[in-house]
Chemist: 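Pasting a structure here, questions to come.
Just so you know, these numbers come straight off a predicted model, no measurement behind them. A note on names: the letters A, B, ... follow the listed sequences, proteins ahead of strands, and every chain is numbered from 1.
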Amino acid sequence: MKVAVCVKQIPDPAGELSLDPSTHFLVREGKLILDDSDAYGVEIALQLAEAAGGGDVTLLSMAPNGETSGLRTALAMGAGGAVLVSDPALAGSDALSTARVLAEAVRRSGADLVLAATESTDGYTGTTPVQMAELLGWPAVTFAKHVEVEGDTVKVNRQTEAGYDEVSCPLPAVVTVTAGVVEPRYPSFKGIMAARSKPVEELSLSDLGIDSSQVGREGSRQEIVSVEEAEQRKAGEIVTDEGDAHEKIVAYLEQIKVL
Amino acid sequence: MEKIWVLAEQKEGEPATAALEMLTAARRFATSVEAISYGAGAAGTAAALGEHGASRLYDLGELGDSLAGPRVAAGIAALIEAKGAPDAVFLAQSYDGRDVAGRLSARLDRPVLTNVVGLADEGGSLLSEHAIFGGTKVLKAKFSGEGPALFVIRPKSFAAEPSAGEAAAVEAVELPETGQSDAAKVVSRHEEERSGPQLDEAAVVVSGGRGLGTAESYSLVEELAQLLNGAAGASRAIVDAGWVPYSHQVGQTGKTVKPTVYIACGISGATQHMVGMKSSKHIIAVNKDESAPIFTIADLGVVGDVHNVLPKLIEAIKAKK
């Protein structure tokens, strides 16, 4: 079994985020971090490899500028290596273009199980993994709460509206995992040191045989028209609890006829 | 525009509320609105879908043990072959809706706009609205290439309003072969027991966050929700921490809720969370930190420890009953 994990490097969501005033794209300057959502996929991949008595976990990522700082975090967790598709032409790629690039990277990697988050924290489009599966002609199981591999079958508990479905799927396959289903390990000091020398293979679009007109701003067939301030709610009454704040809440609930 | 298709999810003949919301929205923009549905009992939704504006219902039939994504996307692609493409297809931002949208997008080689919270007609093409940065800004986007335009719409973005429409005419559609992409099979289905209303339908939502301190304290949230006949929600922080399942998550990466009252317990109000609940009619927040962003949108804010306030609140409500 060869596992690949798609990971995204994003601006720290806890920091100040802004959009470029002319392109309306998210400003991605400064240090990028591993998207928290991706840590779960990395953890599951490592656990699957351990359960299989060893196996190869490769990270797949895409960036316009050779960024690797987020990849190093996932390498420090224990992934063996990474493939970074980096090309200036990738800036402004939409989800389908991203899926096209990642699908080629998957093909080239020889992976038979591809894990990804259900959606990224910054763009949160949430369609890239399934688009990638369709381009590869593979099955996909999304919203996994639990993942196990038995031979060449992946078994997934998939979140549903009502509960969950047990799904069985032959490899090769794409599986997206929901956050919180495993506890991502913290990189150890040893892991962090080791990550520095782990291989990160950098590929360009031409290495993957993709024409730059198919991706990035040029290949995107959707455009941002405007970004405006949303209507804001106003703060209401704020009280400090001195042992009786629950009475205030009861009174409020009565006033709006919930009680 | 001429025609919009709406993917109407349903369960045993009961259409999803999101389907009725999307039909209501589609009626505003297109002269012809048609629905596509699948699964056991789909034809039984014809009256409700018709009442909300669908003139026709394409029934893709039962999926057996297949997942919806590849089968339904193949069905819609086949319909486009047979009937010609509509101007737009609306799908719900749901577990299955997203899978279908992703597959369909790659199949048709058309991009997709997701997390749509509003739509407007501008010169015959649709502008979609998206809440970004925790809902503090609204981004408007549109497709620049050839259609059909694929929009994935967050539930609760539109109100479902019936028109005087008659039942939709049901037309059965045979699904084409899907091959390897359809190789994932459901082995068994599990329904989690839930007492009380669904999170996204409840009139009262009580949510817990990191301020609860431990997973065990979430029982306070559940007890209060139950007392108020509401549903229990959660911030992403405690879902990520594994305290409660993802199905409870309110926010950008979870559910959007619009209850009569939303009670945020120990939730600081990260932008990720606020975008999913800021349209609640009333908001009550309890948090230790007086500078927590949640207080900027709360109608009633209590600066205090949830471990003190919630038990007393629960007792006081019990005493009233």
Side-chain angles (χ1 to χ4, degrees), chain A residues 17 36 94-96 99 119 124-127 130-131 133-135 137-143 159-170 173 178-180 183 220-230 233 235-241 245-250 252-253 256 258-259, chain B residues 69 95 98-99 101-103 105-107 111-115 127 133 135-145 180-181 183-192 204 228 239-240 242 246-247 252-253 260-261 278 282 284 295-304 308-309 312-313 316 320:
Chain A
L17 299 177
D36 262 351
D94 63 20
L96 184 55
E119 62 197 62
Y124 74 110
T125 310
T127 53
V130 174
Q131 289 168 321
E134 180 70 20
L135 293 168
W138 291 7
V141 188
T142 53
F143 294 99
Q159 178 84 48
T160 62
E161 271 320 317
Y164 68 94
D165 288 348
E166 280 179 51
V167 180
S168 175
C169 180
T178 56
E183 194 163 337
S220 176
R221 289 161 289 172
Q222 58 197 42
E223 58 184 86
I224 298 169
V225 179
S226 66
V227 178
E228 290 153 26
E229 292 294 325
R233 276 184 94 103
E237 187 190 1
I238 295 182
V239 298
T240 301
D241 179 36
H246 60 284
E247 289 167 17
K248 276 262 179 203
I249 298 177
V250 169
Y252 190 89
L253 292 174
I256 62 172
V258 165
L259 273 181
Chain B
Y95 300 111
R98 279 181 14 169
D99 279 9
R103 292 268 174 197
S105 155
R107 246 189 123 95
V112 55
L113 284 165
T114 64
N115 288 297
L127 272 191
F133 297 161
T136 56
K137 287 190 160 60
V138 179
L139 180 152
K140 292 184 180 166
K142 68 171 183 185
F143 291 104
S144 46
Q180 193 56 26
S181 65
K185 298 295 173 195
V186 177
V187 181
S188 63
R189 297 180 201 274
H190 300 258
E191 300 218 345
E192 273 157 15
V204 177
L228 296 171
V239 172
D240 282 6
Y246 172 75
S247 51
Q252 176 185 298
T253 50
T260 308
V261 61
K278 73 181 181 65
H282 302 275
I284 300 174
F295 289 131
T296 64
I297 64 163
D299 301 296
L300 174 62
V302 172
V303 181
N308 299 331
V309 179
K312 285 187 192 162
L313 180 59
K320 294 228 162 252

Chemist: For residues Val302(B) and His246(A), determine if any side-chain heavy atom of one lies less than 4.5 Å from a side-chain heavy atom of the other.
Modeler: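 No, their side chains stay 4.5 Å or more apart.
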Chemist: Counting heavy-atom pairs under 4.5 Å with chain B, which one of Val141(A), Asp36(A), Thr142(A) comes out on top?
Modeler: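 Most pairs with chain B among the choices: Thr142(A).
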Chemist: Relative to chain B, which segment of Leu96(A) carries a heavy atom at a distance below 4.5 Å: side chain, backbone, both, or neither?
Modeler: side chain
Chemist: Which bit of Asp99(B) comes within less than 4.5 Å of chain A, counting heavy atoms only: side chain, backbone, both or neither?
Modeler: both
Chemist: Quick one: which of Asn308(B), Leu127(B), Thr296(B), Thr260(B) has the most heavy-atom pairs under 4.5 Å with chain A, could you say?
Modeler: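 Most heavy-atom pairs within the cutoff with chain A belong to Thr296(B).
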Chemist: Non-hydrogen atoms of chain A under 4.5 Å away: do they reach the side chain of Leu139(B), the backbone, both or neither?
Modeler: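 Both parts, backbone and side chain.
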Chemist: Among Thr127(A), Val225(A), Leu135(A), which residue has the highest count of heavy-atom pairs closer than 4.5 Å to chain B?
Modeler: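 Looking at each option in turn, the highest pair count goes to Val225(A).
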Chemist: Go through Arg107(B), Gln180(B), Lys278(B), Lys142(B) and name the one with the most non-hydrogen pairs under 4.5 angstrom from chain A.
Modeler: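 Sorted descending by pairs with chain A, the first entry is Lys142(B).
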Chemist: Please find the pair of heavy atoms, one from Ser220(A) and one from Ser144(B), that lie closest to each other, and give the distance.
Modeler: O-OG, 4.2 Å
Chemist: Tell me, for Tyr95(B) versus chain A, whether the close heavy atoms (under 4.5 Å) come from the side chain, the backbone, both or neither.
Modeler: both
Chemist: Tell me, please, which residues at least two apart from Ala140(A) pass side-chain contact (heavy atoms from CB on, under 4.5 Å).
Modeler: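 With sequence neighbours excluded, Ala140(A) shows a side-chain contact (heavy atoms from CB on, under 4.5 Å) to Ala133(A), Val174(A), Arg103(B), given in chain and number order.
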Chemist: Taking side chain as everything from C-beta outward and backbone as N, CA, C, O, which of these in Leu300(B) sits under 4.5 Å from a heavy atom of chain A? Side chain, backbone, both or neither.
Modeler: both
Chemist: Would you call Ile249(A) and Val309(B) a side-chain contact if the rule is heavy atoms closer than 4.5 Å?
Modeler: yes
Chemist: With a 4.5 angstrom heavy-atom cut-off, which part of Glu183(A) approaches chain B: side chain, backbone, both or neither?
Modeler: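 Glu183(A) has no heavy atom closer than 4.5 Å to chain B.
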Chemist: Between Glu247(A) and chain B, with a heavy-atom cut-off of 4.5 Å, which part of the residue counts as in contact: side chain, backbone, both or neither?
Modeler: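 Neither; nothing under 4.5 Å.
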Chemist: Quick check on Ser168(A) against chain B: is it the side chain, the backbone, both or neither that has a heavy atom closer than 4.5 Å?
Modeler: both
Chemist: What part of Val204(B) gets within 4.5 angstrom of chain A, counting heavy atoms only: side chain, backbone, both, or neither?
Modeler: side chain
Chemist: I'd like to check Thr253(B) versus Glu119(A) (side-chain heavy atoms, cut-off strictly below 4.5 Å). Are they in contact?
Modeler: yes
Chemist: Quick one: do Lys137(B) and Glu229(A) make a salt bridge, cutoff under 4.0 Å?
Modeler: yes
Chemist: Look at Ala230(A), Ala235(A), Cys169(A) and state which one has the largest set of heavy-atom pairs under 4.5 Å with chain B.
Modeler: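 Looking at each option in turn, the highest pair count goes to Ala230(A).
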Chemist: With a 4.5 angstrom heavy-atom cut-off, could you sort out which part of Phe143(A) is near chain B: side chain, backbone, both or neither?
Modeler: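 For Phe143(A), the contact with chain B is made by the side chain alone.
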Chemist: I'd like to check Leu113(B) versus Gln222(A) (side-chain heavy atoms, cut-off strictly below 4.5 Å). Are they in contact?
Modeler: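 Answer yes - side chains close enough.
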Chemist: Given heavy-atom pairs under 4.5 angstrom as the criterion, report whether the side chain, backbone, both or neither of Leu259(A) touches chain B.
Modeler: side chain
Chemist: Less than 4.5 Å apart, side chain to side chain, heavy atoms only: is that true for Thr125(A) and Asn115(B)?
Modeler: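 They are not in side-chain contact.
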Chemist: What closest approach, in Å, do Gln131(A) and Gly102(B) show between heavy atoms, and which atom pair accounts for it?
Modeler: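 Scanning both residues completely, I find the closest heavy atoms to be CG-O, 3.2 Å.
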Chemist: Of the backbone (N, CA, C, O) and the side chain (C-beta and beyond), which part of Lys320(B) lies under 4.5 Å from a heavy atom of chain A, both, or neither?
Modeler: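 Lys320(B) touches chain A through side-chain heavy atoms alone.
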Chemist: Can you tell which part of Ala298(B) gets under 4.5 Å to a heavy atom of chain A, answering side chain, backbone, both or neither?
Modeler: backbone
Chemist: Heavy-atom pairs under 4.5 Å with chain A are the metric here; pick the option from Gly135(B), Ala101(B), Gly304(B), Ala141(B) that has the most.
Modeler: Ala141(B)
Chemist: Do you know the tightest heavy-atom contact between Pro139(A) and Ala184(B)?
Modeler: CB-N, 3.8 Å
Chemist: With the side chain counted from C-beta on, respond yes when Leu253(A) and Leu228(B) share a heavy-atom pair under 4.5 Å apart, and no when they do not.
Modeler: yes
Chemist: For the pair His282(B) and Tyr252(A), name the ring-plane relationship: parallel under 30°, tilted 30 to 60°, perpendicular over 60°.
Modeler: perpendicular
Chemist: For Trp138(A), does its backbone N or O pair with a side-chain atom of Ser181(B) as donor and acceptor, under 3.5 Å?
Modeler: no
Chemist: Which is it for Thr160(A) and His190(B) under the side chain to side chain contact (heavy atoms under 4.5 Å, CB included) test, yes or no, and what are the steps along the way?
Modeler: CA-CA 9 Å; Thr160(A) 62; His190(B) 300 258; over 6 Å; no
Chemist: Grab the two heavy atoms, one from Asp240(B) and one from Ala179(A), that are nearest each other, plus how far apart they are.
Modeler: OD1-CB, 2.9 Å
Chemist: State which residues pass salt bridge (Lys or Arg N to Asp or Glu O under 4.0 Å) with Glu237(A); sequence neighbours excluded, sorted by chain then number.
Modeler: Lys248(A)
